[in-house]
Amino acid sequence: MNCPDCDNDRTRVLDTGSNASGDTVRRRRECCRCSFRFTTYERPEWDSLQVKKRNGEIEPYDKRKLRNGIIRAVEKRPITDEQVAELLETVEAELRARDERIISSSLIGDLVSENLRTLDQVAYIRFVSVYKSFSEPQEFLKELDAVLDAELDDFEDPNKSQ
């Protein structure tokens, strides 16, 4: 733990205690260099969402990382920051509603894809091409055909979307 006053990485714990519910640990610390005293709080990591990557690694859910991926997909498209924020909130709410602490990255990608598809089809194709690691033009064509087929179905049956 680095000292917030002098940034020294050597501190010592003077006192330790927990809150009434026992889910947070409070530590009173002192810097070994400048003797500055400060308090830190520790909370269990399992309280937050974790993401299981394709390679099996587990890392904390990072809303900024997901936002950056969406921003790249909607770049130069008529999508507002408010729409991106709403999409992020929708995806995060769906993840939390699952009542699981470890979520697969593929589930997150699927949820973003579904929401982007209704928001902007070009952004959807961009996102899916990276998310699914398209490497051949045929993969783009297949996904584009699916989008166009769905659009034709909606055009032929206007009551379908209602």
Side-chain angles (χ1 to χ4, degrees), residues 1-9 11 13 16-29 31 36 38-136 139-140 142-148 150-151 154 161-162:
M1 179 59 59
N2 287 6
C3 172
D5 193 45
C6 71
D7 203 36
N8 182 29
D9 64 350
T11 61
V13 176
T16 300
S18 63
N19 66 352
S21 61
D23 60 356
T24 303
V25 175
R26 182 189 60 77
R27 296 193 196 280
R28 191 76 181 134
R29 297 177 179 268
C31 177
F36 183 77
F38 59 101
T39 304
T40 59
Y41 295 91
E42 297 175 19
R43 291 174 186 81
E45 195 171 276
W46 60 81
D47 240 7
S48 60
L49 288 175
Q50 302 286 308
V51 178
K52 185 171 187 176
K53 313 269 296 179
R54 289 181 188 159
N55 65 5
E57 286 182 36
I58 295 178
E59 64 181 42
Y61 168 76
D62 187 352
K63 189 174 186 173
R64 291 173 299 176
K65 192 174 178 181
L66 185 57
R67 184 180 189 283
N68 290 340
I70 294 169
I71 292 294
R72 274 185 248 121
V74 302
E75 188 175 353
K76 296 183 182 178
R77 299 296 303 155
I79 307 297
T80 65
D81 287 340
E82 290 78 24
Q83 288 173 302
V84 170
E86 187 177 315
L87 187 145
L88 280 167
E89 291 303 319
T90 300
V91 168
E92 194 168 299
E94 290 178 32
L95 293 174
R96 292 197 186 280
R98 292 183 171 276
D99 214 19
E100 298 172 19
R101 292 295 142 226
I102 299 178
I103 306 290
S104 71
S105 60
S106 61
L107 173 63
I108 296 171
D110 289 343
L111 291 173
V112 171
S113 297
E114 290 171 20
N115 286 282
L116 265 180
R117 189 172 191 161
T118 60
L119 186 63
D120 186 273
Q121 293 175 343
V122 172
Y124 163 77
I125 293 290
R126 287 178 179 170
F127 183 84
V128 169
S129 70
V130 173
Y131 160 60
K132 293 186 177 179
S133 303
F134 287 176
S135 58
E136 298 293 324
E139 294 170 305
F140 281 99
K142 182 180 175 184
E143 197 62 45
L144 191 54
D145 283 344
V147 168
L148 292 173
E151 191 174 293
D154 288 346
S161 62
Q162 293 178 348

If only side-chain N and O atoms count, and only distance matters, is there a donor-acceptor pair under 3.5 Å linking Arg26 with Thr39? no

If you look only at distance, which donor and acceptor atoms sit under 3.5 Å apart when one is on a side chain in residues 70-77 and the other is two or more places apart or in another chain?
| from | atom 1 | to | atom 2 | distance (Å) |
| --- | --- | --- | --- | --- |
| Arg77 | NE | Asp120 | OD1 | 3.0 |
| Arg77 | NE | Asp120 | OD2 | 3.3 |
| Arg77 | NH2 | Asp120 | OD2 | 3.1 |

Considering non-hydrogen atoms only, spot the tightest contact between [X] and [Y] and give its length.
| X | Y | result |
| --- | --- | --- |
| Phe38 | Thr11 | CZ-CG2, 3.8 Å |
| Glu139 | Glu136 | OE1-N, 2.8 Å |
| Tyr131 | Ser113 | CD2-OG, 3.9 Å |
| Cys3 | Cys6 | SG-N, 3.4 Å |

Minimum side-chain heavy-atom gap [X]-[Y] below 4.5 Å:
| X | Y | result |
| --- | --- | --- |
| Asn8 | Phe36 | no |
| Glu114 | Val91 | no |
| Arg126 | Gln121 | no |
| Leu107 | Leu95 | yes |
| Phe127 | Val112 | yes |

Rounded to the nearest 0.5 Å, how far apart are [atom1] of [X] and [atom2] of [Y]?
| X | Y | atom1 | atom2 | value |
| --- | --- | --- | --- | --- |
| Asn55 | Ser105 | CG | OG | 8.5 Å |
| Glu42 | Ser18 | CD | OG | 11.5 Å |
| Lys52 | Glu100 | NZ | CD | 12.0 Å |
| Tyr41 | Arg27 | OH | CZ | 12.5 Å |
| Leu119 | Tyr124 | CG | OH | 13.5 Å |
| Cys31 | Asp9 | SG | CG | 9.0 Å |

Checking side chain to side chain contact (heavy atoms under 4.5 Å, CB included) for the pair Val51/Asp62: CA distance, chi angles, key distance, verdict? CA-CA 9 Å; Val51 178; Asp62 187 352; over 6 Å; no

Salt bridge or not between Lys65 and Glu59? Use side-chain N to carboxylate O under 4.0 Å. yes

Below 4.0 angstrom, N of the basic side chain to O of the carboxylate: do Glu94 and Arg98 qualify? no

Under the salt bridge (Lys or Arg N to Asp or Glu O under 4.0 Å) test, residues paired with Arg117 that sit two or more places apart: none

Taking everything shown except Glu86 itself, do over 12 heavy atoms lie less than 6.0 Å from its CD? no

Would you check, one step at a time, whether the test side chain to side chain contact (heavy atoms under 4.5 Å, CB included) holds for Asp81 with Arg67? CA-CA 10 Å; Asp81 287 340; Arg67 184 180 189 283; 4.2 Å; yes

For Lys63, check side-chain hydrogen bond (donor to acceptor under 3.5 Å, both in side chains) against everything at least two apart and list the hits. Glu89

